[in-house]
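We count residues from 1, following the sequence as given. Predicted model only: the values in this text are computed from it and were never measured. Each ligand, and each atom within it, is numbered from 1 in the order the structure gives.
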Amino acid sequence: MNAKTRNVIIDCDPGIDDSLAILLALNSPELNVVGITTVCGNVPTHLGAANALKILALADRLDIPVVMGANRPLVVDYTSAQDTHGDDGLGNSNIPAVTNVHAGQNAVAFIEDTLTEDPTTSILALGPLTNIAEVLQRDPRLFEQVDRFVLMGGSYKSHGNCSPVAEYNFWCDPDAAKIVFDLMPVDIAMVGLDVTRKIVLTPSLLEYMHDTDPEMGAFIKKITRFYFDFHWQYERVIGCVINDPLAVAYMIDPTILQGFDAFTTVATNGVARGQSIVDDHDFWHEPENSHILTTVDTKAFWRLFLQRVTHATEPDLTTTLQQLLVEGA
Ligand code: BDR
Ligand code: CA
């Protein structure tokens with residue numbers, strides 16, 4: 001393993017943007033993906049695992065284990081996001097299932113075993129936090145030496161995406177999200193809607209991807225069409241917000257995002273269910289437990305994504321980005 005390479009578990013719910021996030025991670029030498037664990041979120045756990053295998057097959061990385069986790073949130077009823085991601089979780093794209101490799105069964109045990117073997121393994125959490133909360137409840141010390149814990153979820157000032165105040169991953173399992181902020185012994189990097197809303201995959205960017213890498217471009221077009229339609233219908237956005245790859249980008253290069261440290265907790269029920277509450281004025285005098293990302297260098301993000309996933313090269317990339325980048329919604 002390269003000295004600069006960081007071992008990482010991706011806990012996720014693929015999911016269109018999770019799939020793009022996995023592709024970014026697999027194409028980045030800074031990260032060594034040691035396993036993908038799935039959780040019920042955008043789609044039920046088994047569908048997420050099937051989709052993770054499809055992505056690994058595309059990247060020719062079926063050597064990476066995929067392990068299924070929680071089938072339901074800790075307390076609340078499960079609500080999928082198949083309205084956003086399609087019944088199959090990949091925009092109803094009918095990509096053939098992987099049949100020669102199967103997903104494992106116990107994500108909690110997989111995370112525990114991996115952290116026991118290499119306690120510095122970093123975690124990228126891109127879905128509801130049920131699996132992570134379950135491991136933490138069993139033994140929070142397992143996370144004490146984790147190199148980085150980065151999650152996509154929550155929102156600081158931006159409005160929610162499933163209630164006026166709540167982002168989906170926290171809303172889907174608010175109790176798990178609260179446990180993670182209560183018990184995680186290392187700093188939590190929160191890549192929330194404040195920054196991910198700035199990452200809009202537009203039709204022009206999609207065409208550029210297709211131009212630089214026809215095979216990958218065609219795949220991304222196929223899985224994002226449904227997402228594009230959803231964004232236009234419900235948010236009047238031309239294109240789609242891709243949340244999860246930004247958390248991967250932060251793990252690769254933290255200079256892409258800027259933020260501040262604070263104590264954060266999550267509301268678990270009532271009208272504020274799933275709201276991330278960031279004590280930015282230190283009302284509660286609680287120790288800081290999180291790094292809240294608030295600004296993003298969108299050009300740096302797209303440069304990284306396009307270079308890594310669709311093999312864009314200079315000098316074309318710089319000229320193209322100058323023309324194509326639009327501010328997020
Ligand atoms: C988050 O919820 C899911 O729909 C996406 O995959 C992302 O992780 C955005 O709120
Ligand atoms: Ca996700």
Side-chain angles (χ1 to χ4, degrees), residues 9-25 36-45 47-52 55 66 68-70 73 78-91 107 123-132 150-174 176-177 180 188-201 220 223-224 226-231 234-235 237 239-251 266 273-276 293 296 328-329:
I9 294 173
I10 303 181
D11 185 66
C12 58
D13 57 340
I16 296 166
D17 60 335
D18 300 77
S19 300
L20 298 176
I22 293 169
L23 287 170
L24 176 59
I36 297 178
T37 50
T38 63
V39 60
C40 61
N42 292 323
V43 288
T45 309
L47 272 185
N51 291 339
I55 302 301
V66 174
M68 293 181 274
Y78 171 45
T79 308
S80 81
Q82 282 157 298
D83 57 341
T84 317
H85 292 260
D87 288 340
D88 69 351
L90 288 180
I123 313 280
L124 264 166
L126 308 178
L129 291 157
T130 323
N131 292 338
I132 307 294
V150 179
L151 64 79
M152 189 283 132
S155 196
Y156 167 52
K157 295 284 188 194
S158 196
H159 60 89
N161 61 3
C162 30
S163 86
V165 295
E167 178 281 329
Y168 175 75
N169 290 337
F170 286 15
W171 179 87
C172 181
D173 193 342
V180 168
I188 297 168
M190 186 178 107
V191 180
L193 294 176
D194 307 274
V195 279
T196 65
R197 279 209 163 97
K198 306 287 181 200
I199 304 298
V200 182
L201 172 56
I220 296 176
I223 68 169
T224 53
F226 186 91
Y227 218 24
F228 269 62
D229 291 346
F230 178 89
H231 279 76
Y234 294 100
E235 302 188 11
V237 170
C240 57
V241 174
I242 54 164
N243 304 281
D244 294 335
L246 190 58
V248 179
Y250 183 71
M251 181 76 86
V266 178
R273 166 181 161 174
Q275 180 177 17
S276 39
L293 283 317
V296 53

A.B. asks: Check whether D17 reaches the backbone of D244 with its side chain - one donor and one acceptor, N or O, closer than 3.5 Å.
C.D. replies: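 Yes: the side chain of D17 pairs with the backbone of D244.
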A.B. asks: So, does D194 use its side chain to make a donor-acceptor pair with the main chain of Y156 at under 3.5 Å?
C.D. replies: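 Between the backbone of Y156 and the side chain of D194 there is a qualifying donor-acceptor contact (under 3.5 Å).
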A.B. asks: At the Ca ion (ligand 2), what's the angle from D18 OD2 to D244 OD2, rounded to 10 degrees?
C.D. replies: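 Taking the Ca ion (ligand 2) as the apex, the two atoms subtend 70°.
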A.B. asks: Under a 4.0 angstrom heavy-atom cut-off, which atoms of ligand 1 come close to D17?
C.D. replies: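 So the atoms of ligand 1 that pass are 5 (C), 6 (O), 7 (C).
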A.B. asks: Between F228 and L201, which heavy-atom pair has the shortest distance, and what is it?
C.D. replies: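 That closest heavy-atom pairing would be CZ-O, 3.4 Å.
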A.B. asks: Restricting to N/O/S atoms, is G41 within less than 3.0 Å of the Ca ion (ligand 2) or not?
C.D. replies: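 No, since none of the N, O or S atoms of G41 sits under 3.0 Å from the Ca ion (ligand 2).
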A.B. asks: So which heavy atom in the protein is nearest atom 3 (C) of ligand 1, and how far is it from that ligand atom?
C.D. replies: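 For atom 3 (C) of ligand 1, the nearest protein heavy atom is N42 OD1, 3.1 Å.
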A.B. asks: Show the atoms of ligand 1 that are less than 4.0 angstrom away from any heavy atom in N243.
C.D. replies: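 Atoms satisfying the 4.0 Å criterion: 9 (C).
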A.B. asks: Would you indicate which of L246, L193, D244 comes nearest to atom 7 (C) of ligand 1 when only heavy atoms are counted?
C.D. replies: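 Shortest heavy-atom distance from atom 7 (C) of ligand 1: D244.
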A.B. asks: Quick one: which ligand 1 atoms are inside 4.0 Å of a heavy atom on E167?
C.D. replies: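 Every atom of ligand 1 under 4.0 Å from some heavy atom of E167: 1 (C), 2 (O), 9 (C), 10 (O).
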A.B. asks: Check whether any side-chain heavy atom of P164 sits under 4.5 Å from a side-chain heavy atom of H159, and report yes or no.
C.D. replies: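 No - every pair of side-chain heavy atoms lies 4.5 Å or more apart.
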A.B. asks: What are the two closest non-hydrogen atoms of D173 and P128, and how far apart are they?
C.D. replies: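 Heavy atoms only, the tightest pair is CB-CB, 4.3 Å.
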A.B. asks: The Ca ion (ligand 2) and D13: any N/O/S contact shorter than 3.0 Å?
C.D. replies: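 Checking the Ca ion (ligand 2) against D13, an N, O or S atom does fall under 3.0 Å.
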A.B. asks: What do you reckon, are the aromatic ring centroids of F226 and F230 less than 6.0 Å apart?
C.D. replies: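 Judged by ring-centre distance (under 6.0 Å), F226 and F230 do not meet the cut-off.
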A.B. asks: Under the side chain to side chain contact (heavy atoms under 4.5 Å, CB included) test against Y168, which residue among D13, T84, N243 passes?
C.D. replies: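 Going through D13, T84, N243 one by one, the side chain to side chain contact (heavy atoms under 4.5 Å, CB included) with Y168 is satisfied by D13 alone.
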A.B. asks: Can you confirm, on distance only, whether ligand 1 has an N/O atom lying under 3.5 Å from any N/O atom belonging to H85?
C.D. replies: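 N/O-N/O distance under 3.5 Å: yes.
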A.B. asks: Minimum heavy-atom separation for P44 and Q82, please, with both atom names.
C.D. replies: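 Smallest heavy-atom distance, with atoms named: CD-NE2, 4.0 Å.
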A.B. asks: Identify, by atom number and element, the atoms of ligand 1 in contact range of M152, meaning under 4.0 Å from any of its heavy atoms.
C.D. replies: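 In order of numbering, the contacting atoms are 1 (C), 7 (C), 8 (O), 9 (C).
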A.B. asks: Please determine whether side-chain contact (heavy atoms from CB on, under 4.5 Å) holds for the pair D11 and L124, giving the CA-CA distance in whole Å, both sets of side-chain angles, and the decisive distance to 0.1 Å.
C.D. replies: CA-CA 6 Å; D11 185 66; L124 264 166; over 6 Å; no
A.B. asks: Counting heavy atoms only, which part of L126 comes closer than 4.0 Å to ligand 1: side chain, backbone, both or neither?
C.D. replies: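 Just the backbone.
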A.B. asks: So for T84, does at least one of its heavy atoms come nearer than 4.0 angstrom to any atom of ligand 1?
C.D. replies: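 The answer is no: ligand 1 sits nowhere under 4.0 Å from a heavy atom of T84.
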A.B. asks: Which atoms from ligand 1 have a heavy atom of D18 less than 4.0 Å away?
C.D. replies: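 In order of numbering, the contacting atoms are 6 (O).
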